[in-house]
A.B. asks: 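Mind looking over this structure? Questions follow.
Please read these numbers as outputs of a predicted model, since none were measured by experiment. The chains referred to below are lettered A, B, ... by the order of the sequence lines, with proteins before strands, and numbering in each begins at 1.
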Protein chains: 2
Amino acid sequence: MTSRLEALCMEKGLKMTGQRRVISQVLSEADDHPDVEEVHRRAAQIDPRISIATVYRTMRLLEDAQVIERVDLGDGRARYEEATADHHHHLIDTRTGRIIEFASPELEAMKERIARELGYKIVGHRLEIYGVPLDEADDDARDEEKRP
Amino acid sequence: MTSRLEALCMEKGLKMTGQRRVISQVLSEADDHPDVEEVHRRAAQIDPRISIATVYRTMRLLEDAQVIERVDLGDGRARYEEATADHHHHLIDTRTGRIIEFASPELEAMKERIARELGYKIVGHRLEIYGVPLDEADDDARDEEKRP
DNA sequence: CTGGGATTGCGAACGGTTTTCAGTATGATG
DNA sequence: CATCATACTGAAAACCGTTCGCAATCCCAG
Ligand SMILES: [Mn+2]
Ligand SMILES: [Mn+2]
Ligand SMILES: [Zn+2]
Ligand SMILES: [Zn+2]
């Protein structure tokens, strides 16, 4: 069956090759934020003769076509997720690497207001929060108390 | 004369070499967000035999010592600025590359609240806004009207 | 002054990404 | 359904910012 992303690609008039079909499927089934190597790993499980170069090329193609979005989480590599109607940001658990998505209309509005006050119209923005679970953060505080 | 950053380095007990003095001076005099190559270019004007490897090493040293801060503006390389008491973010003019600094306690508070609601304590965060001047943005809008 | 650990310059190595190029597959056309 | 121009692919090389290994040099506590 054709995946969500494959359908989207056809709508956009992209030439559908076997490789693109496989990569589209992988990305449609993903509910995380895989990097290129991870996409390649998953794609290779479906068709082992897909090269990493093709994955790189396809990710760029899909990004330019606005089918997927690049996510920069501060580790050296690009991560990706399916493009969605609803905009969101990421909170990264620095202990586990777990990624929590969140959206905040108030925050978006505030950001918009700040730009306007500076005389600018926003064309893009980036926000990530790095954090540790509140209970484990307590542990940290206790640790520091013991070593002043 | 010893630069602000050189004094700071000595306070922190870092061994002061000629190269570190020059790089400290360059960074003290900078009021922008230079990348490593730019710092090297400026340092080489003072002492042409400073190598880029030493600049890389020194930037990391100063960053670890919290004397400077790394700024990630989304172009592939690391940029730096003197560490200041007051935290701020950057609005990048995508037309000119100009960087405007701004701070917003409300925004920081909101971000803090969002993390708390998700059960997290913030240990770091990143926010950049990319924009175009409001008047030029008007031009864009007009352009699009003419080509619907 | 001096000795020895820290620092430097150079070039090689690195990791993620892009490009080159010759061979292959796609899908529009007849 | 066969043909064919064209776009795409795999493999390897190039790229780019950054780090590393090593021998030579420098700092500074004694
Ligand atoms: Mn996401
Ligand atoms: Mn700044
Ligand atoms: Zn947002
Ligand atoms: Zn902030």
Side-chain angles (χ1 to χ4, degrees), chain A residues 2 5-7 9-27 33-65 67-80 97, chain B residues 2 5-7 9-26 33-65 67-80:
Chain A
T2 85
L5 259 52
E6 184 183 338
C9 288
M10 297 183 72
E11 271 179 47
K12 305 235 174 187
L14 303 180
K15 186 189 249 189
M16 284 318 292
T17 67
Q19 291 85 332
R20 290 182 183 173
R21 253 182 279 273
V22 170
I23 293 168
S24 295
Q25 183 191 333
V26 165
L27 293 171
H33 301 82
D35 60 23
V36 170
E37 245 179 303
E38 180 61 29
V39 173
H40 180 235
R41 207 171 294 127
R42 296 179 194 177
Q45 239 156 313
I46 301 173
D47 177 354
R49 90 205 103 162
I50 291 180
S51 87
I52 187 95
T54 295
V55 179
Y56 272 108
R57 279 189 283 242
T58 304
M59 299 311 275
R60 192 142 64 121
L61 182 83
L62 298 185
E63 189 188 353
D64 291 347
V67 170
I68 60 176
E69 274 170 20
R70 182 196 299 255
V71 183
D72 178 355
L73 297 184
D75 53 357
R77 55 227 138 129
R79 297 170 167 278
Y80 294 89
Chain B
T2 85
L5 259 53
E6 184 183 339
C9 288
M10 297 182 71
E11 271 178 46
K12 305 235 174 186
L14 303 180
K15 187 188 249 190
M16 284 316 294
T17 67
Q19 292 85 332
R20 289 182 184 175
R21 251 182 280 275
V22 170
I23 294 168
S24 295
Q25 184 191 333
V26 165
H33 302 80
D35 59 25
V36 170
E37 247 180 303
E38 181 59 30
V39 173
H40 180 237
R41 208 173 292 126
R42 296 179 193 177
Q45 240 157 312
I46 301 173
D47 177 352
R49 89 203 102 162
I50 291 180
S51 88
I52 187 98
T54 295
V55 179
Y56 271 109
R57 279 189 283 240
T58 304
M59 299 312 276
R60 193 148 58 129
L61 181 83
L62 298 186
E63 189 188 354
D64 290 348
V67 171
I68 60 177
E69 274 171 18
R70 183 196 297 257
V71 183
D72 178 355
L73 297 185
D75 54 358
R77 55 225 139 134
R79 295 168 170 277
Y80 294 90

A.B. asks: Nearest whole Å is fine: how far is dT18(D) C1' from Glu63(B) CD?
C.D. replies: 13 Å
A.B. asks: 5'-most contact on DNA chain C: Leu14(A) or Gly76(A), nearest heavy atom basis?
C.D. replies: Gly76(A)
A.B. asks: Can you tell me how far CZ of Arg79(A) sits from CG of Asp75(A), rounded to the nearest 0.5 angstrom?
C.D. replies: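 Asp75(A) CG to Arg79(A) CZ: 4.5 Å, rounded to 0.5 Å.
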A.B. asks: To the nearest 0.5 Å, how far apart are CG in Leu14(A) and CG in Leu61(A)?
C.D. replies: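 Rounded to the nearest 0.5 Å, the CG-CG separation comes out at 5.0 Å.
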A.B. asks: Would you compute the distance between atom NE2 of His40(A) and atom CD1 of Ile52(A) and round it to the nearest 0.5 angstrom?
C.D. replies: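 Going from NE2 on His40(A) over to CD1 on Ile52(A), the span is 5.0 Å.
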A.B. asks: Using atom CE of Met10(A) as one end and atom C1' of dA28(C) as the other, report the distance to the nearest whole Å.
C.D. replies: 14 Å
A.B. asks: To the nearest Å, how far apart are Gln19(A) CD and dA7(D) C1'?
C.D. replies: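 Going from CD in Gln19(A) over to C1' in dA7(D) covers 12 Å.
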A.B. asks: Return the nearest nucleotide to the side chain of Tyr56(B); candidates are dA11(D), dT17(C), dT19(D).
C.D. replies: dT19(D)
A.B. asks: Of Glu37(A) and Arg60(A), whose closest DNA chain C nucleotide lies nearer the 5' terminus?
C.D. replies: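 Looking at DNA chain C, the more 5' nearest nucleotide goes with Glu37(A).
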A.B. asks: How long is the line joining CZ of Arg77(B) and P of dT19(D), in whole Å?
C.D. replies: 15 Å
A.B. asks: Among dC10(C), dG10(D), dG27(C), which nucleotide has an atom closest to any side-chain atom of Met16(A)?
C.D. replies: dG27(C)
A.B. asks: For Ile52(B), answer base if it contacts any base atom (sugar-phosphate contacts may also be present), sugar-phosphate if it contacts only those atoms, and nothing otherwise; contact means non-hydrogen atoms under 4.0 Å.
C.D. replies: nothing
A.B. asks: Under 4.0 Å between any heavy atoms, over every strand shown, what does Arg57(B) touch: base, sugar-phosphate, or nothing? Just pick one.
C.D. replies: base
A.B. asks: Flag the pair Ile23(A) / Met59(A) as yes when at least one side-chain heavy-atom distance between them is below 4.5 Å, and no otherwise.
C.D. replies: yes
A.B. asks: Can you establish whether the number of heavy atoms outside Met16(B) located under 6.0 Å from its atom CE is more than 12?
C.D. replies: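 Above 12, so yes.
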A.B. asks: Using whole Å, what does the distance between atom P of nucleotide dT19(D) and atom CG of Leu61(B) come to?
C.D. replies: 13 Å
A.B. asks: Please check the phosphate of dA7(D) (OP1 and OP2 only) for any side-chain N or O of Thr17(A) closer than 4.0 Å.
C.D. replies: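 No, no such contact exists.
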A.B. asks: Within this structure, what is the NZ-to-C1' distance between Lys15(A) and dG27(C), rounded to whole angstrom?
C.D. replies: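 Going from NZ in Lys15(A) over to C1' in dG27(C) covers 7 Å.
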A.B. asks: Can you measure Asp75(B) atom CG to dG17(D) atom P for me and round it to whole angstrom units?
C.D. replies: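 In whole Å, dG17(D) P and Asp75(B) CG are 9 Å from each other.
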A.B. asks: Does a nitrogen or oxygen in the side chain of Thr54(B) sit under 4.0 Å from OP1 or OP2 of dG9(C)?
C.D. replies: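 True: Thr54(B) side-chain N/O within range (under 4.0 Å) of dG9(C) OP1/OP2.
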A.B. asks: Could you check how far CG of Asp64(A) sits from P of dT18(C), rounded to whole Å?
C.D. replies: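 After rounding, the gap between these two atoms is 10 Å.
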A.B. asks: Regarding Arg49(A), tell me which of base, sugar-phosphate or nothing describes its non-hydrogen contacts under 4.0 Å with the strands shown.
C.D. replies: sugar-phosphate
A.B. asks: Nearest of dC8(D), dG11(C), dT19(C) to any side-chain atom of Arg20(A)?
C.D. replies: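 Ranking dC8(D), dG11(C), dT19(C) by closest atom to the Arg20(A) side chain puts dC8(D) first.
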A.B. asks: Of the nucleotides dT7(C), dG9(C), dT26(C), which has the atom closest to the Ile50(B) side chain?
C.D. replies: dG9(C)
